[in-house]
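Have a look at the structure below before the remarks.
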Amino acid sequence: MRSAKLNRSLTACLLAGVAVLAAWAAPALAQAQRSFSAIDLPELLLMGEPDPSLHKAQAIVNGDIITDTDIDQRLGLVIAANAGRIDETERQRLRLQIIRNLIDEKLQLQEATENDIRIPEAEVARSFERIAQNFKRTPDGFEEYLKTSGSSGSSLKAQIRAELAWSRVLRRKVEPMVNVGDDEVQQVIDKLNAAKGKDEYHVGEIFLSATPETIDAVMEDAARITGQIRGGASFIAYARQFSEASTAGLGGDLGWVRSEQLNEAVAPAVAALQPGEITDPIPVSGGVAIMSMLERRQVLAADPTLALLSLKQLTIPLKPDTTEAEARQKVAEIQTLTRTMGGCGGVETVARQVGGDVATNDAIRMKDLPAPLQTIMGQLSIGEATPAFGSAEEGLRVLVLCGRDDSQVEATAPNFDQIYAQMNDERVNMRARRYLRDLRRDAVVDYR
């Protein structure tokens, strides 16, 4: 009984205490409410849409974060290089590949840091400026262009920094372990001399590494890349973003090579290409290769596309209402006159007869002409003219060959140092792929 009374007494005291506290706090709460309501806040206007994905981590690589923004801006680089010619389905596939590439970049930068390798900002800026020049823009103008394409200068500079850092790592850690014997280089030189007159190729490459477990998936990725490039996408852009060869920073440019210098699996496919074409994905040791043909010529033989031409260009305007029949009649008239003009000295006379203008070009390299004109010019003798070509809007044009300098067309064999460097690069690349594979294996990657 006493215990029950004590409990009731304690409860009553607690309730009384609560009531006192409530009474004491009420004026303070009321004052706070009055003060808050008295604040004169302007109407809030949001100046942009909230982006919940901004800076959201998609992967954490040994503690370093890769965000959605990193991925989107890197994707923007590919889209910018392809003038936006990438459909939505392909963009999603590219995102997956970009994530893998960004993970590799993190691993490469971490390894560079581990080896006390730092890339000066000035060196990154010089590389950025060279790329801007390829796009025919100033660095500032290129920055703005990247922003309008959904990317940024900082994203491209991050990629450049990773490429430079990884190159330094390989130079320090891998190259000293690679040996190329003088006898090996001499064997290649002997093969080249024996192959005089055969074809050699200026090629580009995209290499995607693969293991026996991943080869099917990598072949599918390579097939999609091939389809995009054949559909008009930039080979150089895909090589820079996705190739794992050391030529990635050069847009995949492997330079001039002969069949003897190419992988046995790649050589037959490359030999079948014409300039501007690419191969299907080719399984090779360690992965999958895609090759592009930029130019082709014959080993240690004269290259007619290097000839310097002296030309006169005859331009004949056409009236806006010129019919096709009238244009054909004009072409026939010009052809008759140029066949009988007596060489370059008669071009001005023909121009006066047909109401045209004459311009002189004294140093045009054959390879700088459009491919159809190269074929025609290669068959002309000095003083002869091409057939008329052009359009109703731009008028008709005729090129007259006034001179040809073949002194620079003789091809020279690559020297010992050039062959040594190529063989050394190939072996460094092979070890580099193993190096990166080991970094991937030991990494702690947390996907979000």
Between OG1 on residue Thr315 and CG on residue Asp357, distance to nearest 0.5 Å: 6.5 Å

side-chain contact (heavy atoms from CB on, under 4.5 Å) partners of Arg437, counting only residues at least two apart: Arg434

Distance-only donor-acceptor check, side chains Thr214 and Thr211, under 3.5 Å: yes

Chi angles and distances behind the side chain to side chain contact (heavy atoms under 4.5 Å, CB included) call for Arg224, Leu94: CA-CA 10 Å; Arg224 284 192 286 268; Leu94 286 175; over 6 Å; no

Thr67 and Asp70: side chain donor to acceptor below 3.5 Å: yes

Side chains of Glu295 and Trp256 in contact at under 4.5 Å (non-hydrogen atoms): yes

Salt bridge (charged side-chain N to carboxylate O under 4.0 Å, His left out) contacts in which one or both residues fall within residues 418-429, not counting sequence neighbours: Glu184-Arg427

Expected output: side-chain Gln58 to main-chain Ile66 donor-acceptor under 3.5 Å: no

Between CZ on residue Arg168 and CD on residue Glu175, distance to nearest 0.5 Å: 12.0 Å

Donor-acceptor pair between Ser149 and Ser151 side chains, under 3.5 angstrom: no

Sequence neighbours left out, cut at 3.5 Å: what donor-acceptor pairs do the side chains of residues 110-119 make with other protein atoms?
| residue | atom | partner | partner atom | Å |
| --- | --- | --- | --- | --- |
| Gln110 | OE1 | Asn62 | ND2 | 3.0 |
| Gln110 | NE2 | Val61 | O | 2.9 |
| Gln110 | NE2 | Asp64 | OD2 | 2.9 |
| Glu111 | OE2 | Tyr435 | OH | 2.5 |
| Thr113 | OG1 | Leu109 | O | 3.0 |
| Asn115 | ND2 | Glu111 | O | 2.8 |

N/O donor-acceptor pair under 3.5 Å between Thr338 side chain and Gln335 backbone: yes

Pair Lys106-Leu102, side chain to side chain contact (heavy atoms under 4.5 Å, CB included): steps then yes or no: CA-CA 6 Å; Lys106 291 293 185 185; Leu102 288 171; 5.6 Å; no

Distance-only donor-acceptor hits, side chain of residues 130-142, under 3.5 Å, sequence neighbours excluded:
| residue | atom | partner | partner atom | Å |
| --- | --- | --- | --- | --- |
| Arg130 | NH2 | Ser127 | OG | 3.0 |
| Arg137 | NH1 | Phe135 | O | 3.3 |
| Thr138 | OG1 | Gly141 | N | 3.0 |

Taking every non-hydrogen atom, the tightest pair across Arg440 and Glu244: NH2-OE1, 3.1 Å

Short N-O contact, Glu129 and Arg126, less than 4.0 angstrom: no

Glu333 side chain near Val350 side chain, heavy-atom distance below 4.5 Å: no

Side-chain heavy-atom pair Asp182, Phe416 within 4.5 angstrom cut-off: yes

Counting only pairs under 3.5 Å, give me each side-chain donor-acceptor contact of residues 261-277, with atom names and distances, residues two or more places apart or in other chains.
| residue | atom | partner | partner atom | Å |
| --- | --- | --- | --- | --- |
| Gln261 | OE1 | Arg258 | N | 2.9 |
| Gln261 | NE2 | Gln422 | OE1 | 2.7 |
| Asn263 | OD1 | Ala265 | N | 2.7 |
| Glu277 | OE1 | Gln274 | N | 2.9 |

From Asp280 atom CG to Met219 atom CE, the distance as rounded to the nearest 0.5 Å: 8.5 Å

Heavy-atom donor-acceptor pair, Thr336 side chain to Ala332 backbone, under 3.5 Å: yes

Check: Gln228 side chain, Ile225 main-chain N or O, donor-acceptor pair, under 3.5 Å: no

Sequence-distant partners of Gln241, side-chain hydrogen bond (donor to acceptor under 3.5 Å, both in side chains), two or more places apart: Gln159

Any side-chain donor near an acceptor of the partner, Asp362 and Ser310, under 3.5 Å: yes

Closest approach of Ala443 to Leu107 (non-hydrogen atoms, all atoms of both residues): CB-CD2, 3.6 Å

Heavy-atom side-chain contact between Leu436 and Trp166 under 4.5 Å: yes

Presence of salt bridge, Glu121 and Lys157, under 4.0 angstrom: no

Exam field: side chain Ser209 to backbone Gly287, donor-acceptor pair closer than 3.5 Å: no

Whether over 12 other heavy atoms sit under 6.0 Å from Leu250 CG: yes

Close side-chain approach of Met377 and Arg404, heavy atoms under 4.5 Å: no

CZ-NE2 distance between Arg296 and His202, expressed to the nearest 0.5 angstrom: 14.0 Å

Beyond-backbone contact of Val354 with Lys330, side-chain heavy atoms, under 4.5 angstrom: yes

Residue pair Arg240 / Ser234, side-chain heavy-atom distance below 4.5 Å: no

Ala385 versus Leu380, closest heavy-atom pair with distance: O-CD2, 3.9 Å

Derivation and outcome, side chain to side chain contact (heavy atoms under 4.5 Å, CB included), residues Ile376 and Leu399: CA-CA 10 Å; Ile376 295 172; Leu399 294 179; over 6 Å; no

Backbone of Met291 reached by a side-chain donor or acceptor of Thr279 within 3.5 Å: yes

Pair Gln186-Asp190, side-chain donor/acceptor within less than 3.5 Å: yes

Test item: Leu308 and Ile364 side chains (from C-beta on) under 4.5 Å apart, heavy atoms: no

Value rounded to 0.5 Å, distance of CD in Glu384 from CE in Met341: 9.0 Å

Nearest heavy atoms of Leu314 and Ile316, plus distance in Å: CG-CD1, 3.6 Å

From Phe389 atom CZ to Arg397 atom CZ, the distance as rounded to the nearest 0.5 Å: 6.5 Å

Minimum heavy-atom distance between Phe207 and Gly286, given as atom pair plus value: CZ-O, 3.5 Å

Worked verdict on Arg100 versus Asp221 for side chain to side chain contact (heavy atoms under 4.5 Å, CB included): CA-CA 12 Å; Arg100 292 194 287 269; Asp221 288 341; 3.1 Å; yes

Ser243 to Ile206 - nearest heavy-atom pair and separation: OG-CA, 3.7 Å

Pairing of Glu324 and Arg328 as salt bridge, 4.0 angstrom limit: yes

Any donor-acceptor pair under 3.5 Å from Glu123 side chain to Pro120 backbone: no

Distance-only side-chain donor-acceptor flag, Gln187 / Asp183, under 3.5 Å: no

